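First comes the structure, then the notes that go with it.
Remember, it's 1-based here, ligands and their atoms both numbered in the order they're listed. For the numbers below, each heavy atom of this structure counts, side chains included, while hydrogens, waters and symmetry mates do not. This chain uses plain numbering: 1 for the first residue, then up along the sequence. Because the structure is a prediction, the values reported are computed rather than measured.
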Amino acid sequence: MSNEELIKMSNEELWQAVLAQVQLNLSPANFATWFKSTEITSQKEGRVIISAPNSFVKEWLENKYGKNIFKILHSLDEQIKEVNFEIGKAGLKIFKRTAVSLPEAGQLEFQELEIDRQTNLNPRYTFENFIVGPSNELAQAATFASAKNPGQVYNPLFIYGGVGLGKTHLLQAAGNEVIKNFSQKKVKYLPAEKFTSEVVTAIRSREIENFKSKCQKVDVLILDDVQFLAGKEKTQEEFFHTFNALYEKNKQIILSSDRPPKAIPALAERLRSRFEGGMIADIGCPDYETRIAILKAKCLERKTDFSEEILGYIAANIQRNIRELEGALNHLVAYQKLNNYPPDLETTKTLLRNLILAPSKVVSAKKIIQAVAEFYDLKEKEILSSSRKKEIVKPRQIAMYLLREELKSSFPFIGRRFGGKDHTTAIHSYGKVVKELEKSDQLGEELTLIKQRVFSG
Ligand code: ADP
Ligand code: MG
């Protein structure tokens, strides 16, 4: 592009060109979160000003994407020498992010402390012992911001991601952080299943009004694993009222789920839209470096240490579930305690054989079909049936696609596996999903989550 043309490029066109490139490297959730409501407000004498909706986003853009944005701008127009960020008219909340680093040796005593009866919080979950990496930094920053300014920054805050990736840790850390900073604030942490059973009990004992008013007295309500509300209409209704009551009073609501709101089956539309009305952040699988950092932090907590070689072996072999990473470490700690010396690599391999090569780790057609069925709230039988219902056809096609992609199954095998269907059906399904993936980010996200289940559970 010549400079002449670029001079004519409006702020909006220029920003669109940048966004088109930025988008390539970001998950849809990340992209929407950080780049929604941003714009170029001026370009003069080689200086471009980008406006962000609030200081949190501004800081994040500056620190995290600033360099990249500059590079893209500069590649579009060599004249651009500087990029500045400012807060737009929309919001002016002040928020300073403090870096969360590894705990220092001896600082943390590993112990299972009592869970607080009032809040249901376990003090062992904190931001200090939560390791931040590319897979979870968005979720961590958003949760931290919400804990620092309850009800002010993002409401509701919705965190989603696969099993054992740190959702509960973050949610509880938020609760603990609020209590640390605002001792007078009432925090309540509830797994959605517990919320459900409390609603049921309250209805039975005719105490629902009582229950409601109790829920509505809190300043911060944390509901973990909201996918369990799927299909529970009465509970959803109660939660909807609680949600609205708290929301209207600017009370912070933090939610977690194993999938984004739009992928939760049998969730009342009005709840879904509430969940989508705030900030949505995903947690992915940690990369190798983050896994190592987590292992090292857990070693410190346990006042122990293992060689780089051993930690490297664990991190290389357990990739998709942090709970399992910890489990592996606990194995080695137990061995060390019993023997008074740490295991060498060979012993480590033997000790962890069950964890790393457990039969459940071997992906099978059955496992994929089960995971897909579970994800879409269907029975395995339904997936394998010949039903033409839309809500069954799509999951069936996805299961067929995964069999092909993950197991390299032949199309005739796939057809047979799905209740004796023809191989052309399998080919058609596979093609359908491939095409759909090109068009829809949501499907890609759902597939990632399903795969996490297949590989981690
Ligand atoms: P989830 O709720 O997503 O299934 P959890 O929050 O229960 O996962 O995390 C599983 C285990 O891994 C917990 O013991 C938690 O402390 C630990 N964990 C997860 N993410 C991190 C992290 N980033 N840093 C340190 N520990 C982590
Ligand atoms: Mg959890």
Side-chain angles (χ1 to χ4, degrees), residues 29 99-104 107-113 115 120-144 147 157-177 189-196 222-229 254-260 264 280-302 311 314-315 318-331 333 355 371 374-375 448-449 451-457:
V100 174
S101 55
L102 282 174
E104 277 168 34
Q107 184 189 334
L108 279 165
E109 179 95 335
F110 181 73
Q111 50 190 182
E112 276 300 331
L113 293 160
I115 292 172
N120 290 326
L121 289 171
N122 183 335
R124 108 171 168 88
Y125 295 112
T126 63
F127 283 111
E128 285 74 31
N129 63 12
F130 187 85
I131 306 302
V132 182
S135 57
N136 60 23
E137 61 190 342
L138 168 64
Q140 189 272 352
T143 320
F144 192 67
L157 170 60
F158 191 103
I159 304 288
Y160 75 90
V163 201
L165 295 179
K167 300 183 296 295
T168 296
H169 189 136
L170 269 184
L171 262 56
Q172 293 235 6
N176 285 320
E177 185 72 27
Y189 166 88
L190 279 172
E193 279 176 307
K194 195 164 155 66
F195 183 84
T196 305
I222 305 172
L223 202 63
D224 204 353
D225 289 321
V226 293
Q227 75 273 10
F228 286 119
L229 298 183
I254 308 181
L255 309 157
S256 89
S257 168
D258 64 351
R259 63 192 82 188
I264 302 177
I280 301 183
D282 59 338
I283 303 192
C285 292
D287 59 15
Y288 179 80
E289 288 73 23
T290 310
R291 298 201 295 276
I292 290 281
I294 290 173
L295 284 171
K296 290 192 169 163
K298 304 280 173 194
C299 281
L300 283 179
E301 283 181 9
R302 289 159 179 70
L311 296 184
I314 306 178
I318 301 181
Q319 302 170 351
R320 295 173 189 256
N321 185 328
I322 297 172
R323 191 172 298 129
E324 287 185 0
L325 210 59
E326 263 190 293
L329 192 69
N330 289 340
H331 253 58
V333 172
L355 212 69
E374 203 182 277
F375 189 84
T448 307
L449 290 162
K451 278 193 251 174
Q452 274 174 16
R453 284 164 171 244
V454 171
F455 291 107
S456 69

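If you look at ligand 1, the protein residues with a non-hydrogen atom under 4.0 Å away are Arg124, Tyr125, Asn129, Phe130, Ile131, Asn136, Gly162, Val163, Gly164, Leu165, Gly166, Lys167, Thr168, His169, Ile294, Lys298, Ile322, Arg323, Glu326.
No donor-acceptor distance shorter than 3.5 angstrom exists from the side chain of Asp225 to the backbone of Pro191, with no hydrogens or angles considered. Counting only distance, with no hydrogens or angles, the side chain of Arg259 and the backbone of Ile264 share no donor-acceptor pair below 3.5 Å. Under a 3.5 Å cut-off, the side chain of Asn122 and the backbone N or O of Gln172 do not form any donor-acceptor pair. Here the side chain of Asp282 pairs no donor or acceptor atom with the backbone of Leu138 at under 3.5 angstrom.
Pairing each heavy atom of Phe158 with each of Ser257, the nearest pair is CZ-CB, 3.5 Å. Taking all atoms of both residues into account, the shortest heavy-atom contact from Asn176 to Pro123 is ND2-CA, 3.7 Å. For the pair Gly162 and Lys167, the tightest heavy-atom approach, listed with the atom from each and the gap, is O-NZ, 2.7 Å. Shortest non-hydrogen contact noted between Val333 and Arg302 is CG2-CD, 4.0 Å.
Tally of protein N, O or S atoms closer to the Mg ion (ligand 2) than 2.8 Å: 1.
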Checking side chain to side chain donor-acceptor pair (under 3.5 Å) for the pair Thr168/Asp224: CA distance, chi angles, key distance, verdict? CA-CA 7 Å; Thr168 296; Asp224 204 353; 2.6 Å; yes
